[in-house]
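Just so we're clear, the structure is a prediction, and the values are computed from it rather than from any experiment. All chains are named by letter (A, B, ...) in the order of the sequence lines, taking the proteins before the strands, and each is independently numbered beginning at 1.
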Amino acid sequence: MNGTDKLVRRVVTAGVLAAIAILLGATRLGFIPVPTPAGNATIMHVPAILGGIMEGPAVGGVIGLVFGIFSFFQATIPMFKDPFVAILPRIFIGITAWLAYVALRRLNEYLALVVSAAVGTLTNTVLVLGMAVWRGYMAPGVALTVGITHGLPEIVVAVIIVVAVVSAWKGLARRRHARL
Amino acid sequence: MTEPLIAIRDLHYTYLPGTPLQAVALRGASMEVYAGEIVGLIGPAGAGKSTLLQHCNGLLRPTEPGHVIVDGQDLADPTVDLRRLRQMVGIVFQHPERQLFETLVGDDIAFGPRQLGMSRAEIRRRVEWAMRVVGLDFDTFVDRPTAALSGGERRKVAIAGVLALRPRVLILDEASAGLDPLTREEWQEQVRRLNADEGMTVIVVSSDMEEIAALAGRVYVMAEGRMVDEGTPAEVFAHTDLLNSLGLGQPVTSWVLGELRRRGYDVDPYAIRLEETVEELCRILRS
Amino acid sequence: MQDFALLRHITIGQYLPGDSFVHRMDPRAKITVVLLLSLALTVNTSYLANILLLALCLGLIRAAGISLRYVLSGVRPALPFIIALSLMQLAFYGNPSVTSRLPVITFLRWGPIFITSSGLQLVLVSLARFVDLMILASILTNTTPLAHLAYGLEDMLKPFGRLGVPAQEISLIFILALRFVPILAEQLETLAKAQASRGADIGAGGRWRFWRTARAMLVLIVPLFLDAFRRAEELIVAMEARCYAGGRGRTRLVQLRMGWADGIAILICALLAVGFIWFRKSFPF
Ligand SMILES: Nc1ncnc2c1ncn2[C@@H]1O[C@H](COP(=O)(O)OP(=O)(O)OP(=O)(O)O)[C@@H](O)[C@H]1O
Ligand SMILES: [Mg+2]
């Protein structure tokens with residue numbers, strides 16, 4: 001594969017995954033009800049993680065950027081109507097997810113997927129809340145509470161989805177036989 | 001005469017009413033389907049065929065005047081048991097191969113029965129049966145990853161997934177679009193067998209008039225949200241002017257017979273089955 | 001999930017056609033103006049600066065002929081949440097880094113609760129900033145077709161191309177994403193109907209067993225991603241066949257044109273922004 005082919009592949013993959021991020025945000029599908037005060041765990045950042053895993057940090061970063069811009073425009077609460085909170089942190093989701101994935105891929109594909117989904121999600125939670133504290137929307141204590149009650153369910157959900165999508169696409173079968 | 005299994009009476013439906021995107025899809029459509037039939041439904045794009053059929057298993061609910069009665073039950077009733085209804089009426093959509101989500105073939109086909117909480121043995125029996133019906137060998141395919149299948153095989157898996165619910169009514173909404181001619185013949189044979197051997201009632205939507213002529217015992221023609229014609233394939237396909245005005249084609253046989261009649265030959269315009277047409281042609285050649 | 005049609009009809013940045021001065025502005029000028037004003041907003045924390053900026057934004061939205069009620073219509077469902085967050089901000093954030101020349105008055109100090117006048121200022125300024133940004137965002141998305149925004153962005157990123165920023169690729173990604181959203185939305189609607197026909201119960205699991213909800217949603221999410229990947233592969237093959245080689249030398253349908261009015265608007269906003277940023281610490285209150 002030469003350089004041009006790779007470029008085309010990256011651009012197109014980033015385009016469709018960014019579209020899914022937007023789609024998840026625009027329908028209720030991107031939000032999973034969880035028993036924490038905030039009410040919903042978002043999975044809108046999952047396309048950025050997948051982009052990082054499949055096509056590297058640049059693709060993961062751009063998808064995060066599109067997701068961030070979209071969530072900035074869609075925001076209906078003050079915190080997320082701040083580009084420092086809504087956009088900037090999102091760029092790093094796909095990058096850290098990629099780092100985790102390449103670091104562990106040789107060890108075990110599944111482990112790499114699980115950790116990478118968790119790391120990408122944590123990046124989102126930690127950076128967004130960190131920015132919120134820095135910009136004065138939240139006191140540190142509040143942010144920590146939100147981070148834990150919110151981050152944990154979000155990690156669980158992201159891991160489930162990332163593992164399912166990548167194994168379906170690559171045809172990795174966890175089981176040899178159907179459960180029949 | 002017996003009660004129809006599905007009766008749709010004067011059904012109206014509007015998508016997203018009261019918004020700028022409002023689209024009137026049904027304007028008083030009526031249709032009856034009797035147990036054991038194969039009914040064809042044709043019409044130009046946007047005629048409302050899919051909208052009509054999605055009422056049959058409760059994907060869309062009647063909100064405006066009109067009734068949808070399935071097996072004696074009026075679906076306007078909000079207490080209808082959707083789970084039972086969807087088990088009874090199965091829909092295969094266009095490009096069904098795109099709906100696979102499990103990693104292994106067997107698991108994907110077993111999804112429906114599992115949702116219904118059936119026993120393991122029963123689920124396995126149904127999967128075996130469904131795979132046999134669509135022509136996938138159980139032992140060869142059951143443990144294959146779905147990602148490793150060809151497009152045609154994926155489609156068979158998806159259709160088996162609907163059949164595994166053992167619906168009494170099978171709705172095929174452009175389910176055969178994009179099949180190559182050979183697979184198409186095999187497919188039509190399977191549909192016919194499901195109808196004849198398993199007693200499944202079938203509703204086929206297709207833009208392939210040959211397929212409608214080959215399968216359906218009765219055909220409805222739909223345009224702008226209502227029925228504009230109904231009859232046996234031979235009758236419907238003889239109405240050349242109506243079909244032309246709707247931009248719908250005819251099966252080749254029907255077209256040939258029509259052309260011959262226009263040129264003054266005395267042929268039977270209803271002899272649209274291939275053997276019958278050949279018979280007619282031989283007759284006029286002899287005379 | 002009862003209303004499947006809602007999956008398909010999503011609005012991203014509903015363009016409201018019009019013929020105001022704001023509508024006719026060049027998208028690049030609009031993006032520049034919005035960026036400049038956002039920057040000014042971000043660094044100003046005084047009451048006076050925020051009142052002035054709010055007045056400016058209200059003037060802009062008026063000029064665009066869009067009602068403030070429309071701009072803020074999306075906020076209503078989030079209102080209880082906003083109030084709760086603001087109260088928390090007020091209660092726990094007693095000593096924020098607000099640059100203000102006013103003396104800090106402590107209203108209440110009790111356990112972790114610490115309410116001061118500068119905390120109150122922070123809350124009020126955040127709310128004003130929020131309204132400003134709702135307006136600025138609306139100016140971009142409600143008065144400009146999305147494609148024009150993407151083209152404008154592409155042009156504005158071009159100078160960074162020399163620094164290795166793939167400007168045209170990034171804007172192509174935006175354009176592709178916008179093109180794919182309605183296609184994938186329609187696919188999502190069909191998928192939801194197909195899986196519901198097989199007895200899928202999307203949304204089952206409930207709040208407490210959220211992993212079940214997530215697993216139940218895989219019947220939609222997995223095929224949605226697979227379909228997107230498949231479409232991507234098709235497009236890649238098509239683009240390679242047509243020898244797409246990056247953005248260079250591509251021509252496009254929409255040609256953007258800057259007029260003198262655009263220049264003046266940028267100039268005024270640039271001066272305002274510089275003024276607001278330079279004097280951010282000098283506002284009397
Ligand atoms: N989910 C939807 N939201 C809004 N409008 C819709 C939706 N689905 C269909 N429509 C509109 O309803 C009308 C009927 O559409 P329908 O899909 O039932 O027609 P059809 O006969 O199945 O057409 P086709 O042959 O193209 O599948 C069309 O005008 C269509 O634009
Ligand atoms: Mg249709």
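Most heavy-atom pairs under 4.5 Å with chain A: of the set R129(C), R215(C), R231(C), this distinction falls to R129(C). Options L235(C), L41(C), L176(C), T42(C) differ in how many heavy-atom pairs under 4.5 Å they form with chain A, and the most are formed by T42(C). Chain A forms the most heavy-atom pairs under 4.5 Å with one residue out of L140(C), L133(C), I183(C), and that residue is L133(C). Interface remark: of the candidates D82(A), L50(A), T13(A), L50(A) forms the most heavy-atom pairs closer than 4.5 Å to chain C. Across F174(C), F180(C), F229(C), the residue that shares the most heavy-atom pairs under 4.5 angstrom with chain A is F229(C). Note: V142(A) leads V142(A), V59(A), L24(A) in heavy-atom pairs under 4.5 Å with chain C.
For the pair A177(C) and A19(A), the tightest heavy-atom approach, listed with the atom from each and the gap, is O-CB, 3.5 Å. Nearest heavy-atom pair across A168(A) and V222(C) is CB-CG1, 3.7 Å.
Distance check: I77(A) CD1 to S126(C) OG gives 11.5 Å after rounding to the nearest 0.5 Å. Atom NZ in K81(A) sits 10.5 Å away from atom OG in S38(C) (nearest 0.5 Å). Atoms CZ and CG, on F73(A) and N142(C) in that order, are 10.0 Å from each other to the nearest 0.5 Å. To the nearest 0.5 angstrom, M239(C) atom CE is 8.0 Å from L7(A) atom CG.
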Derivation of the side-chain contact (heavy atoms from CB on, under 4.5 Å) call for V46(A) and I221(C): CA-CA 11 Å; V46(A) 167; I221(C) 303 270; over 6 Å; no
Can you list the steps and then say if I20(A) with F225(C) is a side-chain contact (heavy atoms from CB on, under 4.5 Å)? CA-CA 8 Å; I20(A) 294 191; F225(C) 274 103; 3.5 Å; yes
side-chain contact (heavy atoms from CB on, under 4.5 Å) between M217(C) and V157(A), worked out: CA-CA 10 Å; M217(C) 277 178 45; V157(A) 171; over 6 Å; no
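Proximity to chain C (any heavy atom under 4.5 Å) is shown, for V165(A), by both the backbone and the side chain. Both the backbone and the side chain of V12(A) have a heavy atom closer than 4.5 Å to some heavy atom of chain C. Neither the backbone nor the side chain of A58(A) comes within less than 4.5 Å of any heavy atom in chain C. Proximity to chain C (any heavy atom under 4.5 Å) is shown, for V162(A), by neither the backbone nor the side chain. At a 4.5 Å heavy-atom cutoff, F80(A) makes no contact with chain C through either its backbone or its side chain. In this structure, chain C has a heavy atom under 4.5 Å from the side chain of M54(A), while its backbone stays farther away. For a residue to count as touching a neighbouring chain, one of its non-hydrogen atoms must lie under 4.5 Å from one of that chain's; by this rule M88(C) touches chain A with the side chain only. Looking at I63(A), there are no atoms closer than 4.5 Å to chain C (heavy atoms on both sides), in backbone or side chain. Both the backbone and the side chain of L184(C) come within contact range of chain A, with heavy atoms under 4.5 Å apart.
Evaluated for a side-chain contact (heavy atoms from CB on, under 4.5 Å) with P78(A), the options I82(C), V131(C), V125(C) yield exactly one hit, I82(C).
Counting heavy-atom neighbours within 6.0 Å of F160(C) CZ, excluding the residue itself, gives a total of 12 or less. Other residues, nucleotides and ligands contribute only 12 or fewer heavy atoms inside 6.0 Å of the CZ atom of R179(C). Dense packing is recorded around CZ of R179(A), with more than 12 heavy atoms of other residues, nucleotides or ligands lying under 6.0 Å away.
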